[in-house]
Amino acid sequence: MIKTQNLSFIYREDNGVAAAGEEAVLKEINLKIEQGSFTAVLGANGSGKSTLAKHFNAILLPSGGKVYVKGMDTSVPENMFPIRQCAGMVFQNPDNQMVAALVEDEVAFAPENLGVEPKEIRRRVDECLAAVDMTKYAQSSPSALSGGQKQRVAIAAALAMDPEILILDEPTAMLDPKGRKEVMRTIKTLNRENGITAVLITHYMDEAAQADRIVVMDNGKIAMDGKPREIFADVEKIKALGLDVPQVTELAHELSRLGIKIRPDILNVDECFAELTRLFGGAAND
Amino acid sequence: MLKDITIGKYVPARSPLHRLDPLVKIIFTAFYIAALFIINKPLPYAVFTAYTLIIMLISGIPVKMILKGARPMLWIFIFTAVFNVFMTTGETLWAFDIFSLSIKITREGVISGAVLTVRLFYLVIGTSLLTLTTSPLDLTDGIEKLLSPLQKIKVPSHEIAMMMTIAIRFIPTLSEETDKIMKAQTARGADFETGNIIRRAKAMLPLLVPLFISAFRRADDLAVAMESRCYSSGGKRTKMKECRFTSFDLRAVIIFAAATAALMTTQYML
């Protein structure tokens, strides 16, 4: 679905040569994202994960190498609109990405830009608001909504282009725990039920643990790439990259270091509970 | 304080004013303002006040909220009134000396001060009624249609309209942000409340710097978000809600024309 070939990127450059004092933000990245997958991109601040995301819908163009979205080269100007239509993007700050003062107008903005027929726009707006469970707020002003609701509207606004890929650049960073849960549930539903390929940039480990695959970025390079269980099993390496593992994974890791025979690849509270109950046998009931 | 600004804020409701075609509404507002500056006799002013009251009542927006919009303008009203009272020459009502300056208050000054203040007040009420009852996207639509004849001489009517909508959309966001920065600086000992005007203006300077920086950052974010959704200035767009001139608009135009004619009759005939 998305393929990068030796992708490099420098913010200030001149014919591929970095300006004085500038370092490449992305260095020789080769990545392939499969159709229908749910990939999380993790990384410390400044690791280049947002910059990478902006290459997936031709907001940024590579300084070196190529990016292909559904086989279309992002560096070809004619491909820009088809690529952006195919890869919808949701950003961190819910207030800064809203154009309209009414929820349904916000969702209608993208198809209006694409020149879709008015009746079809209406149909898409209703469908997309239903997909993120925001139908009853269609006539509200975005400023009256909670952060989680605003981000769900932003997701609906991207979906209205009828994209196959949804790129989410830290969509939960400015939300409270309730809003984060709402947004994560929406993303997972869209991925599983509507077959949308999801790429989630995040620095929350518990969110990344819900993906099918995790790509860890460090200093402009891919440091780790694999299934959440494989990635988080290597607690030492994750910590060396300036990241954390989910709390329950860390608990299991600490316990196994103390010589207790516990599975090291625990990802969520339910698994942790099951494992601890097994370890302590019936003792927990006494 | 800054949250009280109602200019640029849209209040959704079901009212005849909300239903009106935005282009028609903009033209009505222009006529309203023109009429306001044409009339200069007590009777037309009374009729004009009655019209304004009727429009306020059918707008479906609480009268208190509309009036609140005029409150930040209070100082401008006072300033205008005072200037006119002291600066207009004419029949002297009262004269006195301060610091060897002879100051005269004239009859004409009092009248022109009062008239200008009333005009300014209605101007604010009239324009805020337009933005209160028209969603910014509708407003863009109206402005775009209004300017579209100018497209032939290469005036970018759509871009102008889009810029205005975004500016309006960000007024509440930026005023909230100003409040936040003010509170943060007050917490660290900044003083915006006391001192003379110059001192207070100076205190505002450290407020403007972070506000501008954040506004530029927001603009950058918004531009990227718009581009991500395939916005391009030259592209041909469609509209979900096509504004069509309906029989409802036609009736409104007829009523408005009749009202304007009645107003002008009171001005010139009676």
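Labels below follow one simple rule: chain letters A, B, ... track the order of the sequence lines, proteins then strands, and each chain is numbered from 1.
Expressed to the nearest 0.5 Å, how far CZ of A:R84 lies from OG of B:S232 amounts to 9.5 Å. Taking OG of B:S214 as the start and CG of A:N96 as the end, the distance is 8.0 Å to the nearest 0.5 Å. One distance of note links CZ of A:F56 with OG of B:S228; it measures 13.5 Å at 0.5 Å rounding. In this structure, CZ on A:R122 lies 4.5 Å from CE on B:M240, to the nearest 0.5 angstrom. Summarising the geometry, atom CE belonging to A:M98 is positioned 10.0 Å from atom CZ belonging to B:F170; distances are rounded to the nearest 0.5 Å.
The parts of A:F81 that come within reach of chain B are both its backbone and its side chain, each placing non-hydrogen atoms under 4.5 angstrom from that chain. Heavy atoms closer than 4.5 Å to chain B are found in both the backbone and the side chain of A:D95. Heavy-atom distances place no part of A:M80 under 4.5 Å from chain B, backbone and side chain included. Contact annotation for A:K119: neither backbone nor side-chain heavy atoms come within less than 4.5 Å of a heavy atom of chain B. Only the side chain of A:V125 comes within contact range of chain B, with heavy atoms under 4.5 Å apart. The parts of A:A157 that come within reach of chain B are both its backbone and its side chain, each placing non-hydrogen atoms under 4.5 angstrom from that chain. For a residue to count as touching a neighbouring chain, one of its non-hydrogen atoms must lie under 4.5 Å from one of that chain's; by this rule A:Q139 touches chain B with the backbone only. Contact annotation for A:P111: only backbone heavy atoms (N, CA, C, O) come within less than 4.5 Å of a heavy atom of chain B.
Shown here is B:F216, whose CZ atom has no more than 12 heavy atoms of other residues, nucleotides or ligands within 6.0 Å. Around atom CD of A:Q35, no more than 12 heavy atoms belonging to other residues, nucleotides or ligands sit under 6.0 Å away. Environment of CZ in A:R123: crowded, with over 12 heavy atoms of neighbouring residues, nucleotides or ligands closer than 6.0 Å. The neighbour count for A:E117 CD, taken as heavy atoms of other residues, nucleotides or ligands under 6.0 Å away, does not exceed 12. The number of heavy-atom neighbours closer than 6.0 Å to CZ of B:F256, taken from other residues, nucleotides and ligands shown, is above 12.
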Verdict with reasoning, A:F91 to B:D221, per side chain to side chain contact (heavy atoms under 4.5 Å, CB included): CA-CA 8 Å; A:F91 299 88; B:D221 280 3; over 6 Å; no

Residues A:I59, B:E227; criterion side chain to side chain contact (heavy atoms under 4.5 Å, CB included); working and verdict: CA-CA 8 Å; A:I59 291 288; B:E227 277 183 22; 4.0 Å; yes

Steps toward side chain to side chain contact (heavy atoms under 4.5 Å, CB included) verdict (B:M162, A:V99): CA-CA 9 Å; B:M162 193 75 211; A:V99 190; 3.4 Å; yes

Steps toward salt bridge (charged side-chain N to carboxylate O under 4.0 Å, His left out) verdict (A:E106, B:R229): CA-CA 11 Å; A:E106 179 66 32; B:R229 280 183 281 158; 2.9 Å; yes

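Between chain B and the options A:E120, A:E104, A:K54, A:Q85, the largest number of non-hydrogen pairs under 4.5 Å is found for A:E104.
Using a 4.5 Å heavy-atom cutoff, the side chains of A:M89 and B:V224 are not in contact.
In this structure, the side chain of B:T238 does not engage the main chain of A:P118 through any donor-acceptor pair within 3.5 Å.
The two residues A:N113 and B:R237 come nearest to each other via the heavy atoms OD1-NE, 2.6 Å.
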